[in-house]
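Beneath this line is the structure, given in structure tokens, with notes to follow.
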Amino acid sequence: MASKQSSKQPNISLRTKFYTISLILFLCVSSYFLGLRQRQPSSAAILPCTTTLQNITITAAKPFPACGLVYSEYTPCEDTQRSLKFSRDRLIYRERHCPEKEEALKCRIPAPPGYRNPFAWPVSRDLAWYVNVPHKDLTVEKAVQNWIRYEGETFRFPGGGTMFPDGADAYIDNIGKLINLKDGSIRTAIDTGCGVGSWGAYLLSRGIITMSFAPRDTHEAQVQFALERGVPALIGILASKRLPYPSNAFDMAHCSRCLIPWSQYDGIFLIEVDRVLRPGGYWILSGPPINWNKHWKGWERTKEDLNSEQLAIEKVAKSLCWTKLVEDGDIAIWQKPINHLNCKVNRKITKNPPFCNAQDPDRAWYTDMQACLTHLPEVSNSKEIAGGKLARWPERLNAIPQRISRGTVEGVTEETFIHDSELWKKRLTYYRTINNQLNKPGRYRNFLDMNAFLGGFAAALVDDPVWVMNVVPVDAKVNTLGVIYDRGLIGTYQDWCEAMSTYPRTYDFIHADSVFSLYENRCEMEDILLEMDRILRPEGSVIFRENIDTLAKIKMITDNLNWSSQIVHHEDGPYHMEKLLFAVKNYWTAPPELSDQQQESKAT
């Protein structure tokens with residue numbers, strides 16, 4: 001492990017560096033305004049003072065040491081040791097529990113020795129390097145179910161699952177015989193207890209994008225395997241807090257032997273699924289207790305127990321005004337109503353669960369679940385879809401989102417949406433001229449947009465073989481995540497003063513538009529950048545958009561994270577106050593010869 005370099009220097013040296021940096025920044029700013037006055041456009045994209053900034057910032061801040069190898073899969077807010085301090089009731093201990101500020105690591109999370117760039121999509125759906133996720137437990141535990149196989153230097157994912165040992169393709173085909181998966185009416189899905197993400201992986205070829213999640217638990221690295229395959233996923237669990245998604249977000253929800261006690265705790269977990277499911281959306285359940293007559297012996301449970309569980313689930317679903325469409329073999333499907341007209345009439349007789357009191361149904365960051373039914377938008381007749389009918393995919397991507405057309409997103413109009421969509425097409429074109437790797441299919445797969453607004457960056461990338469996790473920061477002035485889902489994209493809420501619920505080396509590409517302006521004076525810049533370093537893969541890329549002063553500070557820190565970077569002009573030319581920083585995380589791994597003592601040491 002790299003040793004931490006001392007930051008103590010003679011006072012005169014610090015003053016000299018301060019005056020030198022100040023002089024250079026003054027000259028850069030003066031040059032900028034002189035050029036602005038003369039109105040002489042420059043053909044160069046790179047700022048003229050970049051080289052000087054690079055030379056100075058390397059010595060102006062301390063390098064960050066490498067963490068021990070023991071931290072190579074560290075997830076700060078889902079730390080298995082810290083979680084033991086919390087209640088096991090409803091599995092609360094597996095929810096997010098982030099470290100205190102003084103506990104935060106100030107070191108770079110290493111990749112395991114021998115780490116290799118993942119296979120390009122679509123090969124990555126079926127293959128991953130063993131050295132990247134060196135865990136064989138699932139190959140033994142789930143061998144019969146065809147989750148994963150170990151083959152020499154690689155893992156192979158045959159596409160199997162607990163309830164679909166013949167493969168996810170065949171399983172999805174069976175679902176497709178029961179509901180229409182081909183007409184574009186179903187675009188966004190959520191998979192609760194996703195395993196290694198095979199259901200979501202095989203839906204992608206059908207034009208359906210899935211938010212897969214599972215806790216960090218005894219099934220070691222299941223979400224990490226999904227991400228390594230190039231499948232969207234997050235660490236998460238249904239416990240006491242709402243899922244970090246807006247209401248009316250998903251067209252389809254799925255549980256295949258996910259072991260969630262749907263009928264317990266007054267049905268609160270199914271009530272939460274109802275909150276995030278769109279009007280007319282589907283809930284698919286396979287595994288216990290469905291088809292218990294056939295499987296009860298293999299499940300090692302009594303017929304009476306399984307029948308009782310199924311009746312309890314049916315009762316909860318009925319109390320939510322869901323309709324059971326079909327039960328065919330191992331698969332059962334319910335449908336959420338398209339509006340609540342009839343449900344409100346029935347609720348006068350049966351008040352369990354009651355409708356929620358006045359609340360924000362989209363508020364979902366550390367928000368307690370409630371055992372009440374989320375209101376749907378009002379309608380004038382029983383045939384009308386609450387909130388309006390969505391266009392089918394792919395037209396849905398660029399159609400005016402229903403939340404905007406209804407005027408429920410403060411300050412965002414149809415004109416705002418159209419302008420934003422065109423703006424990001426232009427910006428992506430410019431990005432491709434600076435980073436030509438964006439033009440190479442397979443170079444990047446997993447994208448993160450840290451401040452997504454209306455999802456314009458992701459929409460501009462829709463024809464590339466990539467997926468984008470669109471983040472709407474909880475500190476943003478306007479909550480636009482519902483708009484992103486209206487477009488047929490996916491995303492999550494996040495406070496960037498905390499770690500993300502994902503594994504190290506999740507993303508190939510990170511886009512950070514005005515993130516540091518948003519979080520100025522809220523938390524330390526270096527902590528956000530260390531988190532970006534944790535979740536970025538070796539040789540992954542980042543684009544920052546900020547004013548020049550903020551970018552200079554960012555560059556100081558990224559230089560000491562061992563990133564290569566350059567500041568470039570705005571796409572509208574050198575006279576725009578906003579600039580861009582293009583960065584690449586250099587390849588490095590933990591050395592294989594680390595001693596046990598070094599691995600167990602914790603950088604402070």
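These values consider heavy atoms only, across backbone and side chains, with no hydrogens, waters or symmetry-generated copies.
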Mark yes or no for whether [X], through its side chain, and [Y], through its backbone, hold a donor-acceptor pair below 3.5 Å.
X: Tyr130; Y: Asn132; result: no
X: Arg216; Y: Asp79; result: no
X: Asn547; Y: Glu578; result: no
X: Trp121; Y: Val466; result: no
X: Asp449; Y: Asn470; result: no
X: Asn451; Y: Phe453; result: no

Using a 4.5 Å cut-off on heavy atoms from C-beta on, say whether the side chain of [Y] contacts that of [X].
X: Ile535; Y: Glu531; answer: yes
X: Leu181; Y: Met252; answer: yes
X: Met450; Y: Met532; answer: yes
X: Met469; Y: Thr492; answer: yes

Reported CG-to-OG1 distance for the pair Leu454 and Thr416, which is rounded to 0.5 angstrom: 7.5 Å
From OG (Ser198) to CD1 (Ile148), nearest 0.5 Å: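 With rounding to 0.5 Å, OG (Ser198) is 9.0 Å from CD1 (Ile148).
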Heavy atoms of other groups near Glu395 CD, more than 12 under 6.0 Å: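 Counting other residues, nucleotides and ligands, CD of Glu395 exceeds 12 neighbours.
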More than 12 heavy atoms from other groups under 6.0 Å of CD on Gln437: yes
Within the 6.0 Å centroid threshold, strictly below: Phe250 and Tyr245: yes
Criterion salt bridge (charged side-chain N to carboxylate O under 4.0 Å, His left out) on Arg206 and Asp169, from CA distance to verdict: CA-CA 10 Å; Arg206 294 163 168 84; Asp169 246 347; 2.9 Å; yes
Working for salt bridge (charged side-chain N to carboxylate O under 4.0 Å, His left out), residues Asp495 and Arg522: CA-CA 10 Å; Asp495 180 352; Arg522 299 188 188 188; over 6 Å; no
Geometric class of the [Y]/[X] ring pair [parallel <30°, tilted 30-60°, perpendicular >60°]:
X: Tyr115; Y: Tyr587; result: tilted
X: Phe544; Y: Phe516; result: tilted
X: Phe225; Y: Phe157; result: perpendicular
X: Phe582; Y: Tyr431; result: perpendicular

Worked check of side-chain contact (heavy atoms from CB on, under 4.5 Å) between Arg443 and Leu438: CA-CA 7 Å; Arg443 171 62 178 89; Leu438 282 166; over 6 Å; no
Determine the minimum heavy-atom distance between [X] and [Y], stating which atoms define it.
X: Ala128; Y: Glu228; answer: CB-CG, 3.8 Å
X: Ala459; Y: Leu489; answer: N-CD1, 4.2 Å
X: Leu234; Y: Ser501; answer: CD2-O, 3.5 Å
X: Cys67; Y: Pro110; answer: O-CG, 3.6 Å
X: Thr589; Y: Gly114; answer: OG1-N, 4.2 Å
X: Met211; Y: Tyr485; answer: CE-OH, 3.7 Å

Any residue meeting salt bridge (Lys or Arg N to Asp or Glu O under 4.0 Å) with Asp362, in chain and number order, not counting sequence neighbours: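 Asp362 satisfies salt bridge (Lys or Arg N to Asp or Glu O under 4.0 Å) with Arg403 once adjacent residues are dropped.
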Worked verdict on Val468 versus His511 for side-chain contact (heavy atoms from CB on, under 4.5 Å): CA-CA 10 Å; Val468 182; His511 185 246; over 6 Å; no
Salt bridge flag under 4.0 Å for residues Arg396 and Asp251: yes
Residues Lys553, Asp549: salt bridge by 4.0 Å N-O rule: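 No, Lys553 and Asp549 are not salt-bridged.
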For the residue pair [X] and [Y], confirm or rule out a side-chain donor-acceptor distance under 3.5 Å.
X: Ser564; Y: Asn586; value: yes
X: Lys579; Y: His570; value: no
X: Asp527; Y: Tyr519; value: no
X: Tyr444; Y: Asp464; value: no
X: Ser124; Y: Arg445; value: no
X: Trp467; Y: Asn446; value: yes
X: Trp563; Y: Asp533; value: yes

From CA spacing to verdict: side-chain contact (heavy atoms from CB on, under 4.5 Å), Trp496, Gln494: CA-CA 6 Å; Trp496 288 117; Gln494 174 67 33; 3.7 Å; yes
Trace of the salt bridge (charged side-chain N to carboxylate O under 4.0 Å, His left out) decision for Glu526 with Lys62: CA-CA 11 Å; Glu526 72 174 27; Lys62 59 183 179 181; 5.9 Å; no
side-chain contact (heavy atoms from CB on, under 4.5 Å) between Tyr430 and Val568, worked out: CA-CA 11 Å; Tyr430 180 66; Val568 306; 4.3 Å; yes
